[in-house]
Q: 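Could you have a look at this structure, given as structure tokens, before my questions?
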Amino acid sequence: MHIKKNGYTIVSLLLAMLTVSSPVFGIMERGGWPWNVELRSYYDNDLGHRMWFLNLGPTGIRARIFPDNPDRFVVEHVFQDDKSPARGLVEEGDVIVGANGSQFSTNHRFGRRLGMRTGWDGPLLELAGHIEDSQGRDGVLTLMIRQQGDQSRIVNVDLQLEPVGRFAETFPYHCPRSERLLEELCDFIVRDYTEGNWKSENRFYGSTHGEAHQLLALMASGIEKYEPIIERHRRQFYNNTYNPATGGFRMWRWGYEAILMGEMYHLYDDRNLIEPMKSLAEAMPWGSFNRNGIYTHRSHINIRGRGGRPYASIAAISGLQMVGMSIFRHLGLHYEDDLYETIYQLYLRSARPDRMNIAYGFSGPPPSPLGRDERHAVIELKNPEEALSGKGPGYVVPHGMSNITEYEITWPHKDDHRWKPTDWVEDERDENIVEELEGNRRRVNRFLGEENTLPDPTRPYDTTATVDHVAASAIGGVAMLLGSPPREGWRYLGLHAARTSSIRAGAAFDGHAASNLHAFWSVLASIRTEDPEMKREYLDYMKTFLILSQTHDGNGLYLQPWGRDRPNANSDTSFGPRILPTATGVMLLSLPRRRLLITGADMDGSVPQSQRTGSLRGQTQSRLSQNGSSRPSWGQPPAWAQEQRESNQRSTQTRAARTLSDDNLARLERATIRTLHQLSSGNGFSPIPMQLSISSSNVILLEANEDGSLTLQSVKNQRTARVAWDYLTSNDHAVLAALIATMREDSSDAQALAGVYLEHAGSVRQADSFLEKANENSRNRFEALFE
């Protein structure tokens, strides 16, 4: 429900805060924080000391709110350039108590972690409404000011803002003001990109997330004039290879580069990106702790190889890798399925009935099934040729301690406060996990037992709460809903994560360290909530972010000093007080275009491919059309492949389908996987097109592995993907059995196997066509499985 106030749409819940006794989060003050923070902002040099004050929209005024007068602004700075509407009219020390004839009537509420109702309430929210009202008319904003704090009278001061119109009720959809602002903000990103006065020219500033957010913003906008910059950066990926032993804070970059390359491949069909993406996908598991999906700033292999200790578990990094893999999966590219499923399990373990309970890292591991506590030791070997991983320092030794003869435990020792008895090292040597370190050192990890896999949720979550830091939840929601396999429980969890990050829009900027990391991804998660009312409230609230953060000089949006972070922990004040919020604003305004997968290109109603592409796609299509030999000739699917999706209830069917017990079906699956692997290891597969549930077009089978995973290639665009056996349906398994029978026409057992599998899947007519080809012995043996 919404109500109108001065023509401005405000979520009624926010006004109801006046009657709610529980405290509300706002600006978190502690000592001089945040007002004493110096911004490293080239565009705010006019402030002199460049302190971190509130930006009051396009007025040219910076201000602060004091806790003892939380319903008014105290002016701290007025910009004096020609574009500043307040120049000569408002001065430092003036107190703004209202606008457009109405005094501010609500208080801002200060604090950190003071309840789930978060946001920039009070005079901030009210001023945003007045600014939009004025810009929707003639642009005149009348500020009610007590000059120099004079309590005896209020003076009305008229500021002339640009009359740009109101945001549409459907913001940002079908909204002329949004379209105009989108290009203005992108133009600023490009101006800053080319700027050489305060940084190197022709490069994005803002650390890993800042660089990636700006590039993604330009890609999401779809504005053609930015294509040369995008192409320049696309080409920089061509020769990339990824080595988990490399040092530096690589894991953030890995996640973002997977997303960037995947989105570029989606937009431009640039096949030069395939090998770099495959290299990254293969390295991803080793960046986490022993392939367990848990990441920190540096690669696990690099940390362990030199004997270091990780900083912390950072769930947002795992989520970024998962978004990259979701994009790869969507595009039919290589990704590591085990890692993908492992990160899903980490999110599942962190879910609570009311929220996705992630603040920084995932929830802790469950108790050891063996009743053991987590321990490790560092040993030095007498013979450095023992216990080698075969891959170098940082990797797991395949045979554990089995060939270790003499060793000495060098850590922990009794002088260390973390010391615990180390008798387990020898007592449990057959189970211990060993990692190679440099030289003759090895790390021995205690085996805690196989961690149980949690079952998929069986019904939707009742999401009613947000969390302190929304980035990890938001990123996970995008990853799971973009890459959702055909499992309803996966979608339930993805929706829970997305709703957790968007149920309270005011929490969007409340995260640790990089506040715009949280805001950027909460924007992308909001469009996937499948809750129209929640989505509308979120988007309406985010208007205030654009209105209040818009600067008077046209140089992007401004980083506001609200958020849950502790003093001196927000790195965005150094990495981009203008560029980071501007990129977030562009993503918000680009949502209607649905050009990127992360902005909804995979969702219903997405922009047609012809409207999303850049120049390279046309070049690729032209080359293919001129060189027909670049595409193999697959011919037409066989009859069983063309018919396999038809209903088993047709009148042509002669009898009811028989079904297999779970045990017998498992036996059949093992036989099918084994046979597919044998064919793959031998002469390979004939290029026979078939339709599987995971693809909207025909695919061919390229490779089958012992674990049942398959490499498939799209007939339509030649893209490949590795798919786990369990992601396929029973009907898909039957199709693969029929493929075996088609390739092994002389095998009576292959014909019977396909017949029984197809009948279990409900395709009786097709089943009979294969059973008739089998001899009596094979037919009787396989049909006995129905009994």
Side-chain angles (χ1 to χ4, degrees), residues 118 206-217 219-220 251-253 255-260 262-263 295 314-327 343 347 350 355-356 358-360 362 463 466-483 493-529 534-535 538-539 541-542 545 559 563-565 570-572 575-576 580-591 596-600 602:
T118 61
S207 190
T208 298
H209 70 295
E211 297 167 18
H213 287 188
Q214 291 173 89
L215 186 53
L216 287 168
M219 293 164 61
M251 296 302 95
W252 290 102
R253 187 167 294 279
Y256 273 115
E257 290 191 357
I259 295 166
L260 283 165
E263 293 287 11
Y295 292 81
I314 306 173
I317 302 181
S318 301
L320 289 172
Q321 317 293 318
M322 194 181 189
V323 174
M325 287 187 286
S326 290
I327 293 174
I343 298 176
Y347 273 102
S350 300
R355 67 195 182 283
M356 179 61 67
I358 305 171
Y360 197 76
F362 292 110
T463 316
T466 187
V467 287
D468 282 355
H469 312 292
V470 302
S473 299
I475 295 170
V478 173
M480 285 181 274
L481 295 173
L482 168 59
L493 187 65
L495 287 172
H496 192 40
R499 287 195 297 262
T500 296
S501 63
S502 55
I503 195 171
R504 296 289 182 270
F509 298 87
D510 291 351
H512 170 60
S515 58
N516 273 274
L517 177 72
H518 304 265
F520 185 93
W521 286 99
S522 79
V523 166
L524 300 177
S526 70
I527 62 173
R528 298 180 181 270
T529 62
M534 181 187 300
K535 189 182 304 183
Y538 178 93
L539 293 172
Y541 203 110
M542 292 300 282
F545 155 58
L559 180 72
R564 289 174 177 252
D565 224 338
N570 193 324
S571 61
D572 285 0
F575 287 138
L580 286 165
T582 301
T584 300
V586 170
M587 297 306 283
L588 174 64
L589 296 169
S590 296
L591 293 179
L596 304 182
L597 291 168
I598 59 174
T599 57
D602 62 305

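Just the heavy atoms: all of them, side chains too, but no hydrogens, waters or symmetry mates, feed the values below.
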Q: So, taking the atom named CG in L320 and the one named OG1 in T208, what distance separates them when rounded to the nearest 0.5 Å?
A: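 Interatomic distance, L320 CG to T208 OG1, rounded to 0.5 Å: 10.5 Å.
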Q: Would a line drawn from the ring center of H512 to the ring center of Y360 be shorter than 6.0 Å?
A: yes
Q: Could you give the distance from CG (L495) to CG (L481), rounded to the nearest 0.5 Å?
A: 5.0 Å
Q: Mark yes or no for whether D572, through its side chain, and N516, through its backbone, hold a donor-acceptor pair below 3.5 Å.
A: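 Side chain of D572 to backbone of N516: a pair is present.
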Q: Check whether K535 reaches the backbone of I527 with its side chain - one donor and one acceptor, N or O, closer than 3.5 Å.
A: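 Yes, because the side chain of K535 sits within donor-acceptor range (under 3.5 Å) of the backbone of I527.
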Q: Calculate, to the nearest 0.5 Å, the distance between atoms CG and OG belonging to L559 and S515 respectively.
A: 4.5 Å
Q: Using every non-hydrogen atom in the two residues, find where A472 and A315 come nearest and quote the distance to one decimal.
A: CB-CB, 3.8 Å
Q: Could you list the residues that satisfy salt bridge (charged side-chain N to carboxylate O under 4.0 Å, His left out) with R355, not counting sequence neighbours?
A: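 If we apply the salt bridge (charged side-chain N to carboxylate O under 4.0 Å, His left out) test to R355, skipping adjacent residues, there are no hits.
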Q: Mind checking the CD1-CD1 spacing from I259 to I475? Nearest 0.5 Å is all I need.
A: 7.5 Å
Q: Assess the side chains of Y538 and S522: does a donor N or O sit below 3.5 Å from an acceptor N or O?
A: yes
Q: What residues form a ring pair (Phe, Tyr, Trp, His ring centres under 6.0 Å) with F575, not counting sequence neighbours?
A: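 For F575, no residue satisfies ring pair (Phe, Tyr, Trp, His ring centres under 6.0 Å) once neighbours in sequence are set aside.
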Q: In the structure I gave you, are the side-chain heavy atoms of M534 and S502 within less than 4.5 Å of one another anywhere?
A: yes
Q: Kindly say whether R499 contributes a backbone atom to a donor-acceptor pair with the side chain of T529 at under 3.5 angstrom?
A: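 Answer holds: no.
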Q: I'd like to know if the side chain of R504 pairs up with that of T466 as donor and acceptor (distance under 3.5 Å, no hydrogens or angles considered).
A: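 There is no such pair between these side chains.
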Q: Between the main-chain N or O of L517 and the side-chain N or O of H209, is there a donor-acceptor pair closer than 3.5 Å?
A: no
Q: Please tell me if the side chains of Q214 and V586 come closer than 4.5 Å, counting only heavy atoms from C-beta onward.
A: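 With C-beta onward as the side chain, the pair stays apart.
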Q: For the residue pair W521 and H213, categorise the inter-ring angle as parallel (less than 30°), tilted (30 to 60°) or perpendicular (more than 60°).
A: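 Taking H213 first and then W521, their aromatic rings stand perpendicular (interplane angle over 60°).
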Q: Between the main-chain N or O of M251 and the side-chain N or O of Q321, is there a donor-acceptor pair closer than 3.5 Å?
A: yes
Q: Tell me, do L596 and M219 make a side-chain contact under 4.5 Å, heavy atoms counted?
A: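 Contact flag for L596/M219 side chains = yes.
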Q: So I317 and W252, do their side chains get closer than 4.5 Å, heavy atoms only?
A: yes
Q: Would you say F520 and M587 make side-chain contact, with heavy atoms under 4.5 Å?
A: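 They are in contact (side-chain heavy atoms under 4.5 Å apart), so the answer is yes.
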Q: Hey, does E211 have a side-chain heavy atom less than 4.5 Å from the side chain of L215?
A: no
Q: Ignoring hydrogens, what is the shortest heavy-atom contact between A497 and S473? Give both atom names and the distance.
A: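 Looking at all heavy atoms of both residues, the closest pair is CB-O, 3.3 Å.
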Q: Minimum heavy-atom separation for H496 to M356, with atom names?
A: NE2-N, 3.7 Å
Q: What's the shortest heavy-atom distance between G324 and A258, and which atoms?
A: CA-CB, 3.8 Å
Q: Counting C-beta onward and ignoring hydrogens, is there a side-chain heavy-atom pair between R528 and L482 closer than 4.5 Å?
A: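 Yes. Closest side-chain heavy atoms under 4.5 Å.
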Q: Nearest 0.5 Å, please: how far is CD1 in I598 from OG in S590?
A: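 One gets 10.0 Å once the value is rounded to the nearest 0.5 Å.
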Q: Under a 4.5 Å cut-off applied to non-hydrogen side-chain atoms, are V523 and M542 in contact?
A: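 Yes, their side chains come closer than 4.5 Å.
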Q: Would you check, one step at a time, whether the test side-chain contact (heavy atoms from CB on, under 4.5 Å) holds for I358 with T500?
A: CA-CA 10 Å; I358 305 171; T500 296; over 6 Å; no
Q: Grab the two heavy atoms, one from A479 and one from G319, that are nearest each other, plus how far apart they are.
A: CB-O, 4.3 Å
Q: Just how far is it from atom CD1 of I343 to atom CE of M480, taken to the nearest 0.5 Å?
A: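 Separation between the atoms: 10.5 Å.
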